[in-house]
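Just so you know, ligand 1 is whichever comes first in the structure, and atom 1 is the first atom listed for that ligand. Being a predicted model, the structure only gives us computed values, none of them experimental.
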Amino acid sequence: MAKPETGWLDERLGSKQLLGSFLYRKVPKGVGWWQTMGSATLVAFILLLFTGAFLMFNYSPSPDHAYDSIQYITNVVQFGGLIRSIHFWSSSAMVVLVGLHGLRTFFMAAYKYPREVTWLIGTLLFLLVMGSSFTGYLLPWDQKAYWATNVGTGIAGQAPLLGPWIQEILIGGATIGAQTLTRFFTLHVAIIPPLIILLAGIHIFMVVRQGISAPPKK
Ligand code: HEM
């Protein structure tokens, strides 16, 4: 059987060497399933990007149409309900996985020299993932979404000094309304995902450059 032709691309891009140094790295002894949590988080994020783009085709971020557009996606659009469910479950999975990944790097002391910056970027990524979940929760614009956001922004408002200011910026007025939905939608689709892509790119680049840390000795 003929082998797939990879030489053409390799000659032009050096793709074998590039992929080789990314995929076939030596890993220290004792590395196992716990070290796959970062990649699993990335897979959940990629799923979110694809399913999110699909949802955007039919979602309308205005108080008059948001709820109906979600019903339309779920009940009328072909595979809409399935894709919405994948988006929902991937986001839940991402929160759990990023938590496990953060805990594993903490308990295995992977934050120590020379990986301090990888850890700090990870902390920012964690906050962005939480922000993404929080802003996405309002978008169906139903009772659950409304009251959850009411409680969430209320908690933010209780923070010392900056709390009330953060609450006002998030809500965009005295009560949750059109401004809030627009702001949450913008954060959810146009600000947080590009930031995650950028930071996760740097984060993973650093992991590839530095190699994965050896698990602590028992
Ligand atoms: C979008 C979120 C994130 C993605 C996609 C991601 C991705 C990855 C990947 C693929 C690795 C390679 C090794 C592994 O899977 O353990 C890694 C390593 C690492 N991550 Fe993350 N990560 C994220 C969030 C975080 C968070 C929240 C922290 C901690 C606050 C963190 C800290 C680290 C550290 C310190 C390493 C180096 C581990 C070692 O060398 O043993 N990451 N990350």
### Message
Under 4.0 Å, heavy-atom basis, I'd like to know which part of Met108 is in contact with ligand 1: side chain, backbone, both or neither.
### Response
neither
### Message
Can you confirm whether Trp34 is buried at CH2, in the sense that more than 12 heavy atoms of other residues, nucleotides or ligands lie under 6.0 Å from that atom?
### Response
no
### Query
Between atom OG1 of Thr51 and atom CD1 of Ile46, what is the distance when rounded to the nearest 0.5 Å?
11.5 Å
#### Entry: Residue Arg12 excluded, over 12 heavy atoms near CZ under 6.0 Å
yes
### Message
With nothing but distance in play, are any N or O atoms of Tyr111 less than 3.5 Å from an N or O of ligand 1?
### Response
no
### Message
Tell me whether the count of non-hydrogen atoms from other residues, nucleotides or ligands lying under 6.0 Å of CG in Leu161 goes above 12.
### Response
no
### Message
My understanding is that we take every heavy atom of each candidate and find the minimum distance to atom 36 (C) of ligand 1. Doing that for Thr105, Val117, Leu128, Leu103, which one comes out nearest?
### Response
Thr105
### Query
Looking at ligand 1, does any of its N/O atoms fall within less than 3.5 Å of an N/O of Thr118?
no
### Option set Gln210, His203, Met130, Glu116, criterion heavy-atom distance to atom 33 (C) of ligand 1, minimum
His203
### Summary
Per-atom filter on ligand 1: closer than 4.0 angstrom to a heavy atom of Ser213 are 39 (C), 40 (O), 41 (O)
### Query
Within a reach of under 6.0 Å around CD of Gln17, are more than 12 heavy atoms found that belong to other residues, nucleotides or ligands?
no
### Query
What class does the angle between the rings of Trp141 and Tyr146 fall in, given that below 30° is parallel, 30 to 60° is tilted and above 60° is perpendicular?
perpendicular
### Query
For ligand 1, which atoms, with element, lie under 4.0 Å from some heavy atom of Arg104?
14 (C), 16 (O), 38 (C), 39 (C), 41 (O)
### Query
Does Tyr111 OH have over 12 foreign heavy atoms under 6.0 Å away?
yes
### Message
Checking the N or O distance criterion of under 3.5 Å, is ligand 1 in contact with Trp119?
### Response
no
### Task
For Gln35, take its heavy atoms, then give the atoms of ligand 1 lying under 4.0 Å from any of them.
13 (C), 14 (C), 15 (O), 16 (O)
### Query
Are more than 12 heavy atoms from other residues, nucleotides or ligands located less than 6.0 Å from atom CD of Glu168?
no
### Message
As an exercise, identify every atom of ligand 1 less than 4.0 angstrom from a heavy atom of Phe126.
### Response
27 (C)
### Top protein contact for atom 35 (C) of ligand 1, by heavy-atom distance
Ala110 O, 3.7 Å
### Task
May I ask you to list the atoms of ligand 1 that are less than 4.0 angstrom from any heavy atom of Val98?
2 (C), 24 (C), 27 (C)
### Query
Atoms of ligand 1 less than 4.0 Å from Thr123 heavy atoms?
30 (C)
### Query
Which of the numbered atoms in ligand 1 are below 4.0 angstrom from a heavy atom of Ser39?
10 (C), 15 (O)
### Query
How about Phe79 and Phe54: are their ring centres within less than 6.0 Å of each other?
no
## Note on the structure
The closest protein heavy-atom partner of atom 25 (C) of ligand 1 is His101 CD2, 3.3 Å
### Contact partition for Met94 relative to ligand 1, non-hydrogen atoms under 4.0 Å
side chain
## Note on the structure
atom 27 (C) of ligand 1 sits nearest the protein heavy atom Gly122 O, 2.9 Å
### Query
Any N or O on Trp34 sitting closer than 3.5 Å to an N or O of ligand 1?
no
### Query
What residue and heavy atom of the protein are closest to atom 3 (C) of ligand 1, and at what distance?
Leu125 CD1, 3.8 Å
### Message
Does only the side chain of Val207 get under 4.0 Å from ligand 1, or the backbone, or both, or neither? Count heavy atoms.
### Response
side chain
#### Entry: side chain to side chain contact (heavy atoms under 4.5 Å, CB included) assessment of Thr153 paired with Phe184
CA-CA 11 Å; Thr153 51; Phe184 274 47; 4.2 Å; yes
### Which residue and heavy atom of the protein sit nearest atom 9 (C) of ligand 1, plus the separation
Gly38 CA, 3.7 Å
### Message
In terms of relative ring orientation, are Trp119 and Phe106 parallel, tilted or perpendicular, with 30° and 60° separating the classes?
### Response
tilted
### Query
Once you round to the nearest 0.5 Å, how far does CD1 of Ile191 lie from OG of Ser132?
12.0 Å
### Task
With heavy atoms of Ile212 as the reference, note each atom of ligand 1 found under 4.0 Å away.
13 (C), 39 (C), 40 (O), 41 (O)
### Query
So how far is it from Ile70 CD1 to Leu55 CG, rounded to the nearest 0.5 Å?
7.0 Å
